[in-house]
Structures are given as C-alpha cells and as structure tokens.
Amino acid sequence: MRFCPSPTGAMHLGGIYVAMLDQAIARQSDGVYIIRIEDTDQEREVEGAAGDFDRILRWFGLTADEFDGQGAYGPYTQSQRADIYMSYARDLMRRGKAYPCFATKDELTAMAAEQRAMKVQPGYYGRWAPWRDAPDDQVRAKLDSGQPYVIRLRSPGEGERRVTFTDIIRGEITANDNQNDVVILKSSANSLRLPTYHFAHLIDDHLMRATIVLRGEEWISSVPVHLQLLEANGFDQIPYAHVAPLMKQEGSARRKLSKRKDPEASAEFYIEAGYPRQAILSFLRGLANSRLSYLSVAESLSEPVHLEEAGMAGPLVDLAKLDHVASEWIATMDSEDVLREVLVWAAHHDPKLAAAVESDRDLAVRALDIERKGVENPRKDLGKWSDFRAYYGYFFNPLFELVSDPADERLGGIDPEVVRTLCATYLDRYVQATDGDAWFEHLRAVSETCGFAATVRAYKDAPDQYVGSVREASQIIRVALTGTKRSPGLHLVTDVLGEPEVRRRIGALVG
RNA sequence: GGUCCCUUCGUCUAGCGGUCUAGGACAUCGCCCUCUCACGGCGAAAACACGGGUUCGAUUCCCGUAGGGAUCACCA
C-alpha cells in the first residue's frame, strides 16, 4: 500500500481520500501503509509543504506505518533515493534499453509544433527520436562537450499494438501501446540526476514490495509506459487500482475538485471548520463504497472497504451530506467528549470562544447535556465544532450580550411596555420549574396576567383582545435569555443558567 | 484533435434479462409532535442521456450518437 503526496501545494481532499483508502486496505489485509514523498520536481517544490502534509495527515490519523528511522525500505523521500534510480537507469543503458538524449527544450517544442501541423501523434518516437539510434561518436562528442542531456527509455512499442491490463476498480482496460521514448532521468547541472515519476514510482514500488498501486485516475493513460518500464527492468507487475477523482458541480457541468478554485478542495478547510475527523473519513468511505454510507459512522469506519465496489465516475463532494454525517456522529458523543473537541478546535480557530468556555467547563458540560444526556434521540444541532458558538455561546457571559432594549426587533414587535411588564411580572413570580410542563404552565399564568392569550388558538380566535399569545410571551423570555429566537426548551436553559443569571438577563429588559 | 474511461431521482447509489408501476440514503417540500429550535414519526415530489439492434422480454447485453471526465511535459 502506498500513498504518495508531492509537496507542491496544500493537501488536497483527494489526497486524504486516497490516503484513507490506502490505509484502510492495508489495515484490513494485514499490510503496511507507507507514505512516500515524491519530491522529484525541484522547481515546483514548496517550502514547508512536507511539514504541512505531516500535520494534516496526523490530524486525520493517517500517518504512515513506516517512515524514515522506522521502516525496512527507506528512505521514503524520493530525492534521497536518487542514487538508487540512477543505478537502475545505468543498468538499462548498459543493456541498451535506455539512452541519452541531447535534444534541447527548443528543439523539442519545435518538433511538437511540427507534429501538430502534420497531425501526427505527438511524442518522441521513430523519426522524431533523433538520439534514439545516434552513432556512438556523436554521443561521445556531446558528452565530452558537457551538454545537458536526459535519459530516455528505448520504447519497444510499435504503432498499432494494443496492450491490455486489469484494473481492480475498472476491470479490463485496453489501450494503444506506448511508442514514446519517455524521459526517465531528468537533466541536471551536477552529477545527481532525479528521475521522473514514471521511473521512480515503479522502482520504489518494486523495492518497497507494494502489493497494490492505488492512485488517481489521471494515471490510467500512462499505464502502457509503466508496463514497458516494468518489462525493461524485469519487475513483476503490481495490480493497479485507479480511483475516480472527487468532483465539483459548476453550473450544469462538473469538474475535478480544484485546489485553486474550491475552498472545500483543501483538507485544511475541514480542519478549520471543525468537522470531526471521523465524520470526514466516514463520508469519504461512503463515497468510495456507498454500502458504507448507510451505516453509522462507527460502523462505516470498521467495515472493510472494497475497491471493486468503488464507482468509476467521480463523485461530487456534497457538503450537505457531510454535515448530516457529522451531526449524526457528534450526537453519539458524550458532552465531555464534545467539549474536549470543541476546545481543541477553538484553541486554534476561535481563541475568544476557547477562553470563555475554558473559564467555566462545568457550565459547558451542563449546556451540552441539554437534550443530549439520557435521552433517546439526542440533539443533532452540532455538525462541526465551529457551530458551538452559535448554538451554545449564549450560555457564557463573555459571549453573551444582554438584550436591554424592549423594542429590540428580535422580540417580535410586541409593545415595549408589554415586554417590560411581562419581564417584571415573570421575575416577580419566578420559580424554577423542574419539568417542561410545569415551567410552561407557570409562564402561561404569568403571561395571562399581562394580557397574553393562554393558548395560540385563543389568540387566533380573538386577536383584538390580546397583546399576543403565550407563544409570543415565551419568545420574549427566550430572546432575553439567549439573544436568539431558537433554543432548546427554556426550562432547561434556565436550569443551566441558574436563577441569578436568569434574573440578570431578564432584568435587563425591565430597565 | 488522437486515445482511454464514464453516463439510473438535485446528490451518493441499488440493480448484474423477466422480481422494476426502478429500491434506499442525503437534500427539498408537506403533515404530525410542539413555547421557538433540534430530535422523532408519517407522507410527497424526484431518475434508467438518446437512437438503433439482440431477445418472447431490456435499466441490465451489443453498436452508434450526444454529453461528461482524464490524458497526450525533463509535473506529479
């Protein structure tokens, strides 16, 4: 099993997807999950990317089973394996299966232009491969003059030949054989030459004893090249599994999820929003095997993933579905666990929230316990840790702003005098009810004395006789207590807040 | 453009010749529960890209067409 990121930018969700599959397949088959850093492109290398990858992989619980310092097949970074690739390339040259090519970039682009004009296959082959069978003395002269060169494979492919190979996900695939003398070792100013992906990956997979080559669909078309390279080196073929890319809807079309255009393409996006890693992993597993998407998060993470079941068309990343999975998952957690995760997230992404919650963890647990602890169907209000502020923030004084204007629009447009009277009367007769019905009966009694109808029905029947119904009255109390128009049952909120705080918040409206 | 891959409700998909008046899940909408939410219950709307074959019979097999994706680098 292998997962091979290249440090050329931020970690892509698709990278997490493939890494997750790699790890899952390795785990369920007693295999080893390794990560190889493919950093053979010096020009695109991004400073610090490897460290970022490591941090993100760690966050997702997708760190490799083997790594430098602990693993039999290291080093796991390709740039440190340059001598290995070079010795294989030398062997190929000795046996006439590879050769140096001195064509310059300009010559190559001119050739490509000519090929386009003539409408022939682009590439380095046949009459378009000037150095393939160049005389020795000519090669020697170039070598002696110190001109830069690359090493190319001497492709045995012929024009019309077809090759067939088996892909675990797609079954049998037939394609034209490769006839292109691909570059296997790039040019270099010094004696150390780096390989191209094509060459490096199969040497590594062979040496590291990979049992499945799991990679993105974009590699399908280069399998014929890899097959020839395998053959030239005398390596056995390793089964391929090409995974369909994660997609994005754009208008009526869809395209590959793009790091540049789509914020949700980056793995960091999910960390910042505070999605639980289990939910993301479960969601991703569901995309790979829809069978898993019908299961609970815990089950979907423990059931095996089957590559053969994976779809061949790229699935759309549906954040609404992720939200659902995430809220199902959080609903299975204890309040203490939720709190711990919220704090870990907030420490990095919402320090003010972290400080407020940290100052009264007990309050936080009691707030989270509402309709969560000891109930059959827990609340599914939280889909990600960043939701905590909106749903529970008002319990914490540093995050709560008193509602002191009786004409505040959140109060529903009830006459300010009535609002004031209701709040005053409510405090006058305050009792902390032990259950919802009792609480509501109490509120009903209070609001009736302030001119509210005891039932919504009564109000509807004679709107002129009342200032509102008990529904409006309870909304006033709700807004006073929470600053929002939506909250869990108010008797639960008051119970968690405690009488002094309830008095302070409602008192603010009395003036 | 050449080549390869793909095509069932908005989305993820089940289906592997009759079981399909096409099933599920998410999303949407409606009703119920109800002090507002959330949860929960019930229900609705919603798809086999198109055209030819093969067959007694095609969502399922074959061929075209259309559409989508990928790839044609000293990037991975």
Side-chain angles (χ1 to χ4, degrees), chain A residues 4-8 38-44 78 101 103 105 108-109 112 116 119-124 148-152 167 169-170 173-176 180 182-188 193-198 200-201 215-224 242 244-245 247 249 252-256 283 286-287 289-291 293-295 309 311-318 320-325 327 331 370-372 375-382 391 412 436 439-440 443-444 447 456 469-479 482 484-491:
Chain A
C4 307
S6 42
T8 53
E38 306 200 318
D39 58 346
T40 56
D41 184 358
Q42 322 90 299
E43 282 169 30
R44 290 210 310 169
Q78 289 185 330
C101 164
K105 278 245 157 68
L108 257 19
T109 43
R116 246 194 319 277
K119 292 189 177 10
V120 296
Q121 276 294 306
Y124 197 97
Y149 63 95
V150 299
I151 305 297
R152 288 182 184 273
D167 182 279
I169 295 175
R170 286 154 206 275
I173 297 175
T174 301
N176 290 336
N180 202 3
V182 293
V183 173
I184 59 176
L185 242 40
K186 307 182 200 177
S187 65
S188 166
R193 281 166 191 284
L194 287 172
T196 56
Y197 167 83
H198 301 301
H201 100 269
R215 69 217 322 188
E217 179 191 70
E218 66 272 20
W219 292 109
I220 290 182
S221 52
S222 41
V223 169
H242 290 97
M247 308 293 280
Q249 186 85 44
S252 58
R254 46 171 65 187
R255 57 170 170 73
K256 211 169 152 180
F283 170 66
L287 287 184
N289 285 179
S290 70
R291 168 178 50 90
S293 71
Y294 310 133
L295 271 30
E309 281 177 31
M312 296 179 231
L316 239 34
V317 172
D318 182 1
K321 172 76 179 177
L322 206 214
D323 281 331
H324 177 261
V325 172
S327 54
I370 291 175
E371 290 175 346
R372 186 182 310 273
V375 296
E376 206 173 330
N377 296 306
R379 288 184 80 79
K380 291 177 182 164
D381 45 3
L382 295 175
Y391 292 124
W439 184 90
F440 191 64
L443 176 76
R444 199 198 298 275
S447 55
V456 176
S469 75
V470 64
R471 177 194 285 168
E472 283 71 37
S474 62
Q475 274 304 71
I476 291 169
I477 300 299
R478 183 185 318 283
V479 169
T482 68
T484 71
K485 292 192 259 190
R486 310 157 146 206
S487 82
L490 285 173
H491 70 290

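Below, chains carry the letters A, B, ... as their sequence lines are ordered, and counting in each starts from 1. All of these numbers come straight from a predicted model, not from anything done at the bench.
Here Ser474(A) lies in heavy-atom contact (under 4.0 Å) with a base. At a threshold of 4.0 angstrom between heavy atoms, the contacts of Gly489(A) include nucleobase atoms, whether or not backbone atoms are also involved. At the heavy-atom level, Thr174(A) lies under 4.0 Å from the strands shown only through sugar-phosphate atoms. In this structure, Val470(A) reaches neither bases nor backbone, as no heavy-atom distance under 4.0 Å exists between it and the strands shown. If you check every strand for non-hydrogen atoms under 4.0 Å, Ser293(A) touches nothing. Contact annotation for Arg478(A): base contact, defined as any heavy-atom pair under 4.0 Å involving a base atom.
Whole-Å rounding puts the Leu316(A) CG to rC6(B) P distance at 19 Å. Here the P atom of nucleotide rG10(B) and the NE2 atom of His324(A) are 20 Å apart, to the nearest Å. When the C1' atom of rG15(B) is taken as reference, atom CZ of Arg291(A) falls 16 Å away, rounded to whole Å. Remark: P of rU36(B) and NZ of Lys485(A) are 14 Å apart, rounded to the nearest angstrom. Rounded to whole angstrom, the span from the CZ atom of Phe283(A) across to the C1' atom of rA25(B) amounts to 13 Å. Going from atom CG of Leu490(A) over to atom C1' of rU36(B) covers 8 Å, rounded to whole Å. Rounded to whole angstrom, the span from the CZ atom of Arg444(A) across to the P atom of rU36(B) amounts to 12 Å. Following rounding to the nearest Å, Glu472(A) (CD) and rC35(B) (C1') show an atom-to-atom distance of 10 Å.
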Using nucleotides 62-64 of chain B, report all nitrogen or oxygen pairs with the protein that are shorter than 3.5 Å.
none

Using atom names, set out every protein N or O paired with an N or O of nucleotides 66-72 of chain B below 3.5 Å, distance rounded to 0.1 Å.
residue : atom : partner   : partner atom : Å
rG68(B) : O3'  : Arg254(A) : O            : 3.4
rG69(B) : OP1  : Arg254(A) : O            : 2.9
rU71(B) : O4'  : Ser221(A) : OG           : 3.3
rU71(B) : O2'  : Ser221(A) : OG           : 3.0

Using atom names, set out every protein N or O paired with an N or O of nucleotides 39-44 of chain B below 3.5 Å, distance rounded to 0.1 Å.
residue : atom : partner   : partner atom : Å
rC39(B) : O2'  : Asn377(A) : O            : 3.2
rG40(B) : OP1  : Lys380(A) : NZ           : 2.8

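For the side-chain contact (heavy atoms from CB on, under 4.5 Å) test, residues two or more places apart in sequence or in another chain that qualify with Glu218(A) are Lys256(A). In this view, Tyr149(A) and Pro100(A), Phe102(A), Leu143(A), Ile151(A), Arg193(A) satisfy the side-chain contact (heavy atoms from CB on, under 4.5 Å) rule, not counting sequence neighbours. Every side-chain hydrogen bond (donor to acceptor under 3.5 Å, both in side chains) that Ser469(A) has, sequence neighbours left out, goes to Glu472(A). Applying the side-chain contact (heavy atoms from CB on, under 4.5 Å) rule to Lys380(A) yields the partners Ser327(A), Glu328(A), Ala331(A); only residues at least two apart in sequence or on another chain are considered. For Asp381(A), the salt bridge (Lys or Arg N to Asp or Glu O under 4.0 Å) partners two or more places apart in sequence, or in a different chain, are Arg372(A), Arg379(A). Residues forming a salt bridge (Lys or Arg N to Asp or Glu O under 4.0 Å) with Arg255(A) (at least two apart in sequence, or on another chain): Glu250(A), Asp262(A). Thr109(A) is linked by a side-chain hydrogen bond (donor to acceptor under 3.5 Å, both in side chains) to nothing, counting only residues two or more places apart in sequence or in another chain. For Tyr124(A), there are no ring-ring contact (aromatic ring centres under 6.0 Å, His included) partners two or more places apart in sequence or in a different chain. Remark: Leu316(A) pairs with Met247(A), Gln249(A), Arg254(A) by the side-chain contact (heavy atoms from CB on, under 4.5 Å) rule, at least two apart or across chains.
Residues Lys485(A) and Arg478(A) come closest through the heavy atom pair O-CD, 3.4 Å.
Closest to the side chain of Asp41(A), out of rC12(B), rA38(B), rC75(B), is rC75(B). Here the side chain of Lys321(A) is nearest to one of rC4(B), rA25(B), rU13(B), namely rA25(B). Nearest nucleotide to the side chain of Tyr294(A), out of rC74(B), rG23(B), rC37(B): rG23(B). The side chain of Ala320(A) sits closest to rA27(B) out of rA27(B), rC35(B), rC75(B). Taking the side chain of Arg486(A) as heavy atoms from C-beta on, and the options rU36(B), rC74(B), rC26(B), the nearest nucleotide is rU36(B). Nearest to the side-chain atoms of Trp439(A) among the listed nucleotides rC37(B), rA76(B), rC35(B) stands rC35(B).
Shown here, rG30(B) forms a base pair with rC42(B); the pair counts as Watson-Crick or G-U wobble because both key distances fall under 3.5 Å. Judged by Watson-Crick or G-U wobble contacts below 3.5 Å, the nucleotide rA66(B) has rU7(B) as its partner. Nucleotide rG1(B) forms a pair with rC72(B), judged by Watson-Crick or G-U wobble geometry with both contacts under 3.5 Å.
A 4.5 Å side-chain heavy-atom check between Ile169(A) and Met312(A) finds at least one atom pair inside the cut-off. Contact of the Val223(A) side chain with the Ile173(A) side chain is not registered, since no non-hydrogen atoms from C-beta on lie closer than 4.5 Å. A 4.5 Å side-chain heavy-atom check between Thr484(A) and Tyr391(A) finds every atom pair outside the cut-off.
On a pure distance criterion of 3.5 Å, a polar donor-acceptor pair joins the side chain of Arg44(A) and the base of rC75(B).
Stacking between Phe440(A) and the base of rC35(B) is present: ring centres sit under 5.5 Å apart and the planes differ by under 30 degrees.
Phosphate proximity of rA76(B) to Thr40(A): present, with a side-chain N or O under 4.0 Å from OP1 or OP2. An OP1 or OP2 oxygen of rC75(B) is reached within less than 4.0 angstrom by a side-chain nitrogen or oxygen of Lys186(A).
Between atom CG of residue Asn180(A) and atom OG of residue Ser222(A) there is a gap of 11.5 Å, rounded to the nearest 0.5 Å.
The C1' atoms of rA45(B) and rC9(B) are separated by 10 Å, rounded to the nearest whole Å.
Between Gln475(A) and Ser187(A), the one whose closest nucleotide on RNA chain B sits nearer the 5' end is Gln475(A).
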